[in-house]
Amino acid sequence: MNAIAKAIDTLNDVFGRIIAPLIAIITLIVLYDIALRFFTDRPSDWAFDITKMLFGAHFMLMAAYGLRHHVHVEVDVIKRLLSRKKQAAFDIIGYLIFFVPFMWMLLSLGWSFFMRSFSRGETTYGMVSIPVYPIKGVIFVAAALILLQGIAIVIRAIQQLREERA
Amino acid sequence: MNLSPEMLTLVMFAGLIVGLFMGHPLAFVLGGVAVIGALAGPGLNVMGTLINNIYGNAMDNYVLVAIPLFVLMARFLNDSGVTGKMFDAMRLLLANLRGGLALTVVIVSVLLAATTGIVGASIAVMGMIALVPMLKYGYNKELSAGVIMASGCLGILIPPSIMLILMASYSPVSVGALFAGALVPGLMLGVMYALYVLIICYLKPGHGPKVPAEERAQTSTGELVVMLFKYVLPPMALILGVLGALFTGLATATEASAIGVFIAFLLFMIFGDRKLKTCYNTLIDASKTTTMVMLVLVGATAFTGVFSRGGGMSVISELVLAMPGGTTGALILMLFLVFILGMFLDWTGIVLLSFPIMLPIVEAMGVDMLWFVVMVAVVLQTSFLTPPFGYALFYLKGVAPPGVEIVDLYKAVIPFVALIVLACVLLALFPWLVTGLPAILLG
């Protein structure tokens with residue numbers, strides 16, 4: 001069990017470290033767009049759409065890495081007062097009641113959202129037609145990664161419960 | 001099941017509260033309650049629109065691109081190390097003043113606020129460089145901690161600020177107008193904190209003694225002038241570059257933020273350690289902050305989507321409009337709700353939950369939208385400071401030396417929360433403090 005949790009951690013660590021530099025690429029594209037408009041009086045044909053797409057992909061795909069490193073906002077005033085065993089139990093219940101339905105929704109609807117776009121070969125309406133389906137598929141991929149990380153967290157919580165009992 | 005709108009409102013907010021206090025991440029609580037609410041109320045078929053909303057509101061949104069970029073700008077500025085040197089220069093400049101160190105904290109925080117807009121970063125940095133010297137020079141513990149926390153929070157109010165960008169994207173007000181509208185109230189709060197520090201140190205000299213004359217004598221006036229030019233001017237250039245480009249209409253908020261990243265990166269290359277590793281860690285840190293904010297937005301989009309389809313919005317709006325006191329009563333009630341929510345939630349959750357519910361009410365009452373949004377922004381200053389869940393408290397506790405307890409911090413925020421409430425009253429009595437500057441700048 002522990003090996004699975006560790007593998008998930010590693011996967012999301014590696015993936016997050018690859019995705020994070022996208023933020024620098026977004027900056028460069030926006031700067032390129034400004035420079036182009038400034039020097040040639042004509043904005044880029046693709047920068048606006050690509051910027052939005054990279055932004056959407058960046059924060060969605062970083063979400064699992066964020067969960068791995070506990071950056072997502074939570075109110076731990078009560079949790080902090082509890083014993084480790086109760087904390088673990090609260091974690092498991094929380095993930096079952098809230099996290100699982102939400103991820104199920106993102107996965108099932110995210111998939112049909114992607115397929116609808118993919119089967120139509122949907123593109124952007126700008127000067128250059130850029131396919132939209134890869135960015136729509138990001139929702140499904142991001143949800144899958146977040147779900148995996150959630151599984152790792154629950155595995156650890158179960159182990160915590162067992163250790164406390166032993 | 002098909003719950004009535006009233007029951008659905010109750011169920012969804014009860015679910016939200018239960019999930020939050022269980023310590024589950026806010027983004028997932030919001031999303032989970034959305035699915036449960038959809039099952040219990042309007043039915044699962046409303047969820048089809050949720051993905052469209054998530055994609056449209058959060059991912060396919062050019063204005064929000066400014067959020068990661070301003071975060072990145074702040075991190076680069078932080079890594080440049082200019083902050084600490086700026087603090088030293090200002091401290092020596094104000095050495096002969098009672099409460100000079102506390103005043104330095106306010107001034108440097110306001111400058112930082114205009115460049116970074118990240119509360120956590122400002123408070124952690126000021127906590128590290130200012131709190132220990134203040135305690136060492138015999139400053140009152142509560143005054144020191146309070147002034148660091150309250151001034152640090154100005155980062156989210158004084159433009160450029162990621163909160164204002166998010167607010168603009170959720171309201172009919174433009175980013176430029178909102179930045180201009182929040183500038184005067186933000187600076188006004190800074191001045192109020194400064195006056196408070198000066199008055200209390202004048203009345204109780206023990207609260208904030210002067211810097212010893214020998215220490216001031218170590219740096220000549222000439223050297224001090226050089227220090228001021230070297231370390232105070234560059235951040236000022238950053239502020240002028242970003243806000244100037246935005247207010248003159250040269251650049252959109254997103255473009256201004258990219259320019260800001262560029263200038264901050266230059267500062268990092270001049271004053272920072274220029275290491276690739278530092279750079280990479282900065283990208284990672286900025287990405288973490290971005291996904292933290294944006295994932296709450298994803299969850300909140302799902303929550304409010306189900307809530308409004310289930311008729312919950314009209315339930316809340318009828319409740320608010322039934323308040324005695326007409327428009328004034330309703331406005332006070334809404335701002336008070338924001339204040340109460342601030343004790344438990346952070347600004348992201350509050351803005352994303354309250355705006356879709358409150359703004360239609362505000363519009364129906366014919367109240368100036370820009371004014372109301374800025375009022376919410378000012379009230380949200382308290383959300384960082386009010387226990388039990390005030391970010392500023394945790395940030396400062398994280399870097400505070402031993403001997404500064406969380407209870408000290410609770411006491412420290414009281415006068416500053418009172419000052420924020422006073423500022424709200426002033427802004428309500430003189431609305432031109434908010435609407436004046438946007439009218440001049442943007443016509």
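Keep in mind the model is a prediction, meaning the values are calculated, not measured. Proteins come first, then strands; the chains are lettered A, B, ... in the order of their sequence lines, and each starts at number 1.
- Of the listed residues B/Asn61, B/Val296, B/Ile54, the one with more heavy-atom pairs under 4.5 angstrom with chain A than any other is B/Asn61.
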Evaluation steps, side chain to side chain contact (heavy atoms under 4.5 Å, CB included), between B/His24 and A/Phe90: CA-CA 8 Å; B/His24 199 59; A/Phe90 265 55; over 6 Å; no
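- The CZ atom of A/Phe98 sits 11.0 Å away from atom CG of B/Leu26, with the distance rounded to the nearest 0.5 Å.
- A/Pro101 approaches B/Val35 most closely through the heavy-atom pair O-CG2, 3.7 Å.
- A/Val138 touches chain B through its side chain: at least one heavy atom from C-beta onward sits under 4.5 Å away, while N, CA, C and O do not.
- By the 6.0 Å contact criterion, CG on A/Leu81 is enclosed, its count of non-hydrogen atoms from other residues, nucleotides or ligands being greater than 12.
- Between A/Phe48 and B/Tyr62, the ring planes are tilted. Angles from 30° to 60° get that label.
- Contacts with chain B were tallied for A/His70, A/His58, A/His72, A/His69; A/His72 has the most, counting heavy-atom pairs under 4.5 Å.
- The shortest distance between side-chain heavy atoms of B/Glu255 and A/Val30 falls below 4.5 Å.
- If you measure heavy-atom distances from B/Leu50 to chain A, the contacts under 4.5 Å come from the side chain alone.
- Within a 6.0 Å radius of CZ in A/Arg116, other residues, nucleotides and ligands contribute more than 12 heavy atoms.
- The contact between A/Ile97 and chain B is made by backbone and side chain atoms together, counting heavy-atom distances below 4.5 Å.
- With a threshold of 4.5 angstrom between heavy atoms, B/Ala38 does not approach chain A through any atom at all.
- Atom CG of B/Leu295 is separated from atom CG of A/Leu67 by 8.5 Å, given to the nearest 0.5 angstrom.
- For A/Leu106, the parts sitting under 4.5 Å from any heavy atom of chain B are the backbone and the side chain alike.
- Proximity to chain B is absent for every atom of A/Leu54, based on heavy atoms less than 4.5 angstrom apart.
- Atoms CG and OG, on A/Leu61 and B/Ser287 in that order, are 11.0 Å from each other to the nearest 0.5 Å.
- For a residue to count as touching a neighbouring chain, one of its non-hydrogen atoms must lie under 4.5 Å from one of that chain's; by this rule B/Ala27 touches chain A with the backbone only.
- A side-chain donor-acceptor contact under 3.5 Å links B/Tyr280 to the backbone of A/Arg17.
- Between A/Phe59 and B/Met59 there is a side-chain heavy-atom pair separated by less than 4.5 Å.
- Both the backbone and the side chain of B/Leu20 come within contact range of chain A, judged by heavy atoms closer than 4.5 Å.
- In this structure, the portion of A/Ile34 lying under 4.5 Å from any heavy atom of chain B is its side chain and not its backbone.
- By the 30° and 60° cut-offs, the orientation of the rings of B/Phe28 relative to A/Phe102 is tilted.
- Looking at every heavy atom in both residues, A/Gly94 comes nearest to B/Met22 through N-CE, 3.5 Å.
- Other residues, nucleotides and ligands contribute over 12 non-hydrogen atoms within 6.0 Å of the CZ atom of B/Phe21.
- Using a 4.5 Å cut-off between heavy atoms, A/Met103 contacts chain B through its side chain alone, with no backbone atom that close.
- For a residue to count as touching a neighbouring chain, one of its non-hydrogen atoms must lie under 4.5 Å from one of that chain's; by this rule A/Ile93 touches chain B with backbone and side chain alike.
- Rounding to the nearest 0.5 Å places CG of A/Leu22 at 11.5 Å from OG1 of B/Thr290.
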Full working for side chain to side chain contact (heavy atoms under 4.5 Å, CB included) between A/Phe38 and B/Leu250: CA-CA 10 Å; A/Phe38 190 77; B/Leu250 266 177; 5.9 Å; no
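- In this structure, no portion of B/Leu30 lies under 4.5 Å from any heavy atom of chain A.
- Side chains of A/Thr27 and B/Phe262 form no contact here, defined as non-hydrogen atoms less than 4.5 Å apart.
- Under the 4.5 Å side-chain criterion, counting only non-hydrogen atoms from C-beta, A/Val71 is not in contact with B/Thr289.
- Cation-pi geometry between B/Lys288 and A/Tyr65 is not satisfied (NZ or CZ under 6.0 Å from the ring centre, within 45° of the ring normal).
- The shortest distance between side-chain heavy atoms of B/Val298 and A/Met60 falls below 4.5 Å.
- A distance of 6.5 Å separates CD1 in A/Ile23 from CG in B/Leu69, rounded to the nearest 0.5 Å.
- Of all the listed residues (A/Ala63, A/Ser112, A/Gly16), the one sharing the greatest number of non-hydrogen pairs under 4.5 Å with chain B is A/Ala63.
- Heavy atoms closer than 4.5 Å to chain A are found in both the backbone and the side chain of B/Asn52.
- With values rounded to the nearest 0.5 angstrom, B/Ile51 atom CD1 is found 13.5 Å from A/Phe114 atom CZ.
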